[in-house]
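In this text the structure is predicted, and so the values were computed from the model without any measurement. Values below: every heavy atom of this structure, side chains too, minus hydrogens, waters and symmetry copies. Lettering follows sequence order; numbering is per chain, from 1.
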Number of protein chains: 2
Amino acid sequence: MVKSSIDQILEGECVEVMKSLPDASVDLVFADPPYNLQLGGDLHRPDNSKVDAVDNDWDQIGGFDDYDLFTWQWMEQARRVLKPNGAIWVIGSYHNIFRVGGILQDAGFWVLNDIIWRKTNPMPNFKGTRFTNAHETLIWAAKTKDGRPTFNYAAMKALNDGVQMRSDWSLPICSGGERLKGDDGKKAHPTQKPESLLHRVLLSTTNPGDVVLDPFFGTGTTGAAAKRLGRHYIGIERDAEYLKVARARLAEIQPASRDAMCVTQSPRAQTRIPFGTLVERGMVKPGDTLYCPKGRHTARVRADGSIIAGERSGSIHQVGAQIQSAPSCNGWTYWHIRTKQGLAPIDVMRAEVRATLEN
Amino acid sequence: MVKSSIDQILEGECVEVMKSLPDASVDLVFADPPYNLQLGGDLHRPDNSKVDAVDNDWDQIGGFDDYDLFTWQWMEQARRVLKPNGAIWVIGSYHNIFRVGGILQDAGFWVLNDIIWRKTNPMPNFKGTRFTNAHETLIWAAKTKDGRPTFNYAAMKALNDGVQMRSDWSLPICSGGERLKGDDGKKAHPTQKPESLLHRVLLSTTNPGDVVLDPFFGTGTTGAAAKRLGRHYIGIERDAEYLKVARARLAEIQPASRDAMCVTQSPRAQTRIPFGTLVERGMVKPGDTLYCPKGRHTARVRADGSIIAGERSGSIHQVGAQIQSAPSCNGWTYWHIRTKQGLAPIDVMRAEVRATLEN
DNA sequence: TGGGGGGTTGAATCCCCCG
DNA sequence: CCGGGGGATTCAACCCCCC
C-alpha cells in the first residue's frame, strides 16, 4: 500500500486515480457508482410541491453502452488493487444494478450474496403508476471464486440477537441530523447513504486495521464508518465541494475503543428487535456506557451489539444475568443510559425502533 | 391468438414452441427460467450452429455465454409474442438475475420495478459462510418504453391495508399442503413457487380475461393462479412428468366468482363527467358562487360550465391552479358550494351524476 | 416542558385521452 | 405525432412552532 494514501481522500477521476494505487493492496472495495437515472420532466407531489431530483451531471453517463464501458473501467481497476482474498460491495437500483452485476461476474468476481437494503421510509410513488421503489440492492462478491473473503458470521449473528443475519436489511434512509448540509442549508450531496448501512457492511466483511477503498467517496460515509470502526479508508472523489465536506466530516469522527471493536465469538439470546440495531443506527455508540438501574454496575457497548463488563461479555441479557447472579435477565429493562434527565432504560430506544419497523 | 393454445400446456422446448405462437398475442409473460443450464435438447445459435451441451457451468469464469445466449433466445420470442402494451415478469436469484436483467434491458424491455420476494421462512445458511439467502428478485418490465402496461394501483393499495404496495413483498415459501408431491411422496418440483406470489403478480398487472404465457411452466403455479383469477394461461413445459402433475393440478382448480375477481378500481377508469353537466342538469346554476376550501377565494359559474374569478376565467381546474399559483389543480375537490351544513366540495354532485349513469 | 399540529423532504426512469 | 387540458396522485421521519 502507498502509505500516503491511507486514511486520505484522493482528488480526481476514480479510474485514473486507481491506476496510481499498487496491485493487491486493499482488503475491501465499497462502490456506490452513479445510477445513470433517466428522468423525464419535473415531478410534483400531490400537494404540488416539486421533487428535488437527482439531476447532477455526474449521474448522466449516457446510454447502456457508455455505462457498461464506464463500469468495466472502474471495476477492472478495483479488482486489480484488491488483495487475493479481497472482496467488493456495489450498491445500485434497478436502473444500473443488472448491468453492474453482470459485468462484475464477467470480470471474474464471484458473487457471495445480493443484499436488499429495505428502506423503512422510502419516497412514495406520487402518481400511482408503479410499486413504491422501497429498496436498493447491494452485491457482495469475492475477487475470485477461490478467494476466502472475511465474513464475521458470529458478529452478524450477535448483531441480529442470535439468529443468522438475512440478506434483507431494514434500515432508514439518511435524514435528519445525519444528513450533511452545505453552507446554504441544503443537502450537501443528493444521495448520501446512512452510516448504519456502512456499519453493517464493514463490520461483516472487514477486520479492524483493514484497508477499505471507496472510489466514489462523495461526502465520505464509507470513511466515517471505517474510522469509527478502526478500519482504514482510501477515498477517491473528483468533486472539490464534496471533498471539502467529507474532510470536515472525517475530522470530527472519533474511533471506537479497541475493546468495542472486538466482536463476539459465540453469541446467544433472542429478542425481536436486536440490541445491535440501536448500535447500527447510532442511537447507542460503540464504547458507550450502560448502567444498571441504580448505577452501581456499568458495561460498555461493542460494535456488534454485545456488551462488556470487566471479565464478562455477551448480550445485554447475559451480562445482566451474570452481574446479578440470576438465571436470566431482561437486558432491555435492566440496562440504562445516562440522559440529561438521569438514567433511562434502553427499552425506550427499542420502542423508537419498533415504531420505524413495519412487520 | 391461436385459440387452441389458450388454457393449454404445450409440450416442448420453450423457444421452439414460442416460435409457433403468433406475434402480439399475449398480455403478460411470467418467466421463472432455470438458474442452471440443463438444456436437454439442442441449443442453436442465431446462425443455426449448434451449441455444445453444457451442464452447470457457473464454475468457469466467462462461462456465462451459453446461459446468455439461451436467455436472449427465449426473451426475444417472449417479446415478439407480447402485445404492444404487454409486460413481462422474470424471477431469479443472484446466480442469474443480473444477466437476465441486463439482457432484458438490451432487448428493449423497459424496467418498471424490481420486486423483492422476501421469504418469511427461508432456508438457513448451514455453513455460516454467508448471509442467509432470504429473498429472490423479480423484474417487472414493459415491452417498450412507451408501452402502457396494466397496473392495478388501487387494488394493490387495498391489498396493503390502504397504503401503497411497496417493492418488497413478504411471503412464505411454498410448503405444506400446497407443495405438490410425486407418487413417491417426494416434492414434484424443486423450485415450486407459492401461489400467493403469482396471485399478487397477476392481480397487479393483468385484467380478467387477459392471456398469460409462462414459458417455464413447471408444475403450473402460474396457470393455477391465472385460472383462479379468471385469466387465461398458456404454459410451455418440456418435462413430461411436470406436465402431468400440472394438468392434474389445473383440473382441480375452481375459478373465483366474477364479483370476487372484481378489484378496487382506479378513479381514472371511471367515466369522465364535465363540470358543464352539473350546469346542464340544473344542479349548479349560472351565476352561482363557488368557494375555495377556506372560503377566501370565490368564483362565479357561467352558463357554459366555465368559471370566472376576477380577471381569471376558464375551467374549474385552470382557475383553481391559477389562484393557487400551482402547476395543476383538481377543481372537483378544490371548489365548494355553500350548503346548510357549510361548504361542500362539488365532487359530491359529480358522484350523484355518476350514480344516475350506472344503469 | 411536553405533546400535538403543520410544513418539508427523500437515488423517481411517476398520466393519459382527445383533437 | 404533438399539444392541450382534465384531473388523479403520497409515506414516514424529522423539523419547528405553539399552547
Strand-adjacent residues in residues 305-332 of chain B, judged by heavy atoms under 4.0 Å from DNA chain D: B:Ser315, B:His317, B:Gln318, B:Ser328, B:Cys329, B:Asn330, B:Trp332

Taking the [atom1] atom in each of [N] and [M], what is the distance between them to the nearest angstrom?
N	M	atom1	value
C:dT8	D:dT10	C1'	13 Å
C:dG10	C:dC14	C1'	15 Å
D:dC16	C:dT1	C1'	15 Å
D:dG5	C:dA12	C1'	24 Å
C:dT9	D:dA8	P	27 Å
D:dA12	C:dT13	C1'	23 Å

[N] [atom2] sits how many Å from [X] [atom1], rounded?
X	N	atom1	atom2	result
A:Lys186	C:dT8	NZ	C1'	13 Å
A:Ile173	C:dT8	CD1	P	17 Å
A:Asn121	C:dA11	CG	C1'	14 Å
B:Asp347	D:dG6	CG	C1'	13 Å
A:Lys193	C:dG10	NZ	C1'	11 Å
A:Lys50	C:dG10	NZ	C1'	15 Å
A:His44	D:dG7	NE2	C1'	15 Å
A:Trp117	C:dG10	CH2	P	13 Å

B:Phe151 six-ring face occupied by A:Arg130 cation (under 6.0 Å, within 45°):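 Verdict for B:Phe151: no cation-pi partner in A:Arg130.
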
Sugar-phosphate, base or nothing in reach of [X], heavy atoms under 4.0 Å:
X	answer
A:Ile91	nothing
B:Phe275	nothing
B:Lys145	nothing
B:Lys157	sugar-phosphate

Heavy-atom donor-acceptor pair, A:Arg45 side-chain to C:dG10 base, under 3.5 Å: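 Result: at least one qualifying N/O pair found.
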
Residues A:Arg118 and A:Ser170: side-chain donor-acceptor under 3.5 angstrom: yes

Distance-only polar pair, side chains of A:Tyr94 and B:Gln105, donor-acceptor under 3.5 Å: no

Contact pattern, 5' to 3', of nucleotides 12-19 of chain C - B, S or - by protein heavy atom under 4.0 Å: BBBSSS--

side-chain hydrogen bond (donor to acceptor under 3.5 Å, both in side chains) pairs, two or more places apart, involving residues 271-280 of chain B: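 Listed by first then second residue: nothing to list.
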
Contact list for residues 137-162 of chain B, test side-chain hydrogen bond (donor to acceptor under 3.5 Å, both in side chains), sequence neighbours left out: B:Tyr153-B:Gln164

ring-ring contact (aromatic ring centres under 6.0 Å, His included) against [X], all qualifying residues, sequence neighbours excluded:
X	result
A:Trp169	A:Trp89, B:Phe131
A:His95	none
A:Tyr233	A:Phe217

Any B:Arg350 side-chain N or O less than 4.0 Å from OP1/OP2 of D:dA8: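 For D:dA8, OP1/OP2 do have a side-chain N/O of B:Arg350 under 4.0 Å.
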
N or O in side chain of A:Arg179 less than 4.0 angstrom from C:dA11 OP1/OP2: yes

Paired and unpaired positions of DNA chain C as dot-bracket, Watson-Crick or G-U wobble under 3.5 Å, | denoting a partner strand: .|||||||||....|||||

Partners meeting side chain to side chain contact (heavy atoms under 4.5 Å, CB included) with A:Glu241 (sequence neighbours left out):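 So A:Glu241 forms a side chain to side chain contact (heavy atoms under 4.5 Å, CB included) with A:Asp239, A:Lys244, A:Val245.
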
Given D:dG7, C:dA11, D:dT10, the nucleotide with the shortest approach to the side chain of A:Asp59: C:dA11

Can you list, pair by pair, the side-chain donor-acceptor contacts under 3.5 Å of residues 324-333 of chain B, counting residues two or more places apart and other chains?
| residue | atom | partner | partner atom | Å |
| --- | --- | --- | --- | --- |
| B:Gln324 | NE2 | B:Gly320 | O | 3.2 |
| B:Asn330 | OD1 | B:Trp332 | N | 2.9 |
| B:Thr333 | OG1 | B:Asn330 | O | 3.1 |

Chi class for C:dT13: syn within 90° of 0, otherwise anti: syn

Residue closer to the 5' end of DNA chain D, A:Ser175 versus A:Pro46 (nearest nucleotide):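 Here A:Pro46 is the residue nearer the 5' end.
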
B:Arg166 side chain near A:Asn133 side chain, heavy-atom distance below 4.5 Å: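 Side chain of B:Arg166 against side chain of A:Asn133, heavy atoms only: no contact under 4.5 Å found.
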
Test salt bridge (charged side-chain N to carboxylate O under 4.0 Å, His left out) applied to B:Asp288 - qualifying residues, sequence neighbours left out: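 In terms of salt bridge (charged side-chain N to carboxylate O under 4.0 Å, His left out), with neighbours along the sequence ignored, B:Asp288 is linked to no residue.
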
Salt bridge (charged side-chain N to carboxylate O under 4.0 Å, His left out) partners of A:Arg249, counting only residues at least two apart: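 Once residues adjacent in sequence are excluded, the partners of A:Arg249 under the salt bridge (charged side-chain N to carboxylate O under 4.0 Å, His left out) criterion are A:Glu195.
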
